[in-house]
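Whatever order the structure lists them in is the order used to number ligands and atoms, beginning at 1.
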Amino acid sequence: MSLCYLNGRYLPLDEARVSPMDRGFLFGDGAYEVIPVYSRRPFRLDEHIARLGRTLASIRLPDPHRPDEWREIIGEVIDRNPWQDQSVYLQVSRGVDDKRNHAFPKVIRPTVFLMSEALVTPPAHQREEGVAGVSAADFRWLRCDLKTVSMLANCLLRQHAVDQDCVETILFRDGFLTEGSASNIFVVRDGVMLAPPKSHLMLPGITYDVVLELAVKHGLKHEVREILEDEVRHADELWMSSSTKEVLPITRLDDKPVGTGRPGPVGRQMHAWYQDFKNTVMRSE
Ligand code: PMP
């Protein structure tokens, strides 16, 4: 049984109740994080808490907890759940109002909810064969840098991939790569790893940062710059990155092979560096 946290209480997930007047439900008015946990230790926790703080500040929702309080609640949720490797979901909404009103309530009592699931990283066959992606126009709003619970556009874009038996939808805006529907995207051309620059058009992924740090650490040639749609369509390698997918090769795009159609050497190397890094950090923290 999965144990969750709701507004100061730890309780079984199927007993947790939130009012339909919660602004998270009525407006998607809230922020969230997904934190991967390996061997019961949260990975890059400070960075996830900092990103949550940035989202909350940007949507003018006072952070209900200090970082040490967040660390304690997250630690409890991990301890009270049965899995060694977990994916902790954390959400803060602007709470319950007595009327449905777009403008903020005068007094805000945020709803704080955390739950955990077993962490499921991509199976070996997906890592070895790669996965298929489709492309779509990025029709989301202009604050994609915020991790808000208003996720309808991302849900529609992800379903677009699922409808075509694909794993991810790769998004282009005005002829440039932005990201995936639930991941960041990296491109390899002529041995150089390319990453789109952080901006209001993409989520600053925690895994994205790790990938760039690993590229610097190991001297992998890379460029952080705007990437043309055409460069993606003629890439040698494409990968997606996220806290749960880690680093995963995309070997088909819109039914055409990416490069040779097999996972490439740079992505394999990055995946290995990522696993090593994870294991080292987890041992030392
Ligand atoms: N972009 C989007 C739109 C996402 O939803 C996510 C997370 N699933 C990411 C990028 C990757 O972020 P992270 O590495 O922090 O999981």
R140 N/O under 3.5 Å from ligand 1 N/O: no

Atom 11 (C) of ligand 1: nearest protein contact (heavy atom, Å): N184 OD1, 3.7 Å

Proximity to ligand 1 by part of S183, non-hydrogen separation under 4.0 Å: backbone

For atom 1 (N) of ligand 1, the protein heavy atom that lies nearest, with its residue and separation: E179 OE1, 2.6 Å

Heavy-atom side-chain proximity of L253 to V232 below 4.5 angstrom: yes

Within-shell test, M202 vs ligand 1, heavy atom, strictly < 4.0 Å: no

Closest protein heavy atom (residue, atom, distance) for atom 12 (O) of ligand 1: G205 CA, 3.5 Å

Contact (N/O only, under 3.5 Å) between R51 and ligand 1: yes

Side chain to side chain, W70 and L52, heavy atoms closer than 4.5 Å: yes

Side-chain H-bond candidate by donor/acceptor type, Q275 with E246, under 3.5 Å: yes

Validation row, ring centre Y89 to ring centre Y32 under 6.0 Å: yes

Note, K198 side chain near L203 side chain (heavy atom, < 4.5 Å): no

Presence of salt bridge, E213 and R44, under 4.0 angstrom: yes

Sidechain N-carboxylate O distance under 4.0 Å for D254, R233: yes

Which residue and heavy atom of the protein sit nearest atom 5 (O) of ligand 1, plus the separation: A182 CA, 3.5 Å

Min N/O separation H48 to ligand 1 under 3.5 Å: no

Nitrogen or oxygen of S243 less than 3.5 angstrom from that of ligand 1: yes

Proximal atoms of ligand 1 relative to N154 (non-hydrogen, under 4.0 Å): 3 (C)

F139 vs L157 side-chain heavy atoms within contact, under 4.5 Å: yes

Contact with ligand 1 for P36, non-hydrogen, under 4.0 angstrom: no

Protein heavy-atom partner closest to atom 14 (O) of ligand 1 - residue, atom, separation in Å: T207 OG1, 2.6 Å

Min side-chain heavy-atom separation E231-R225 under 4.5 Å: yes

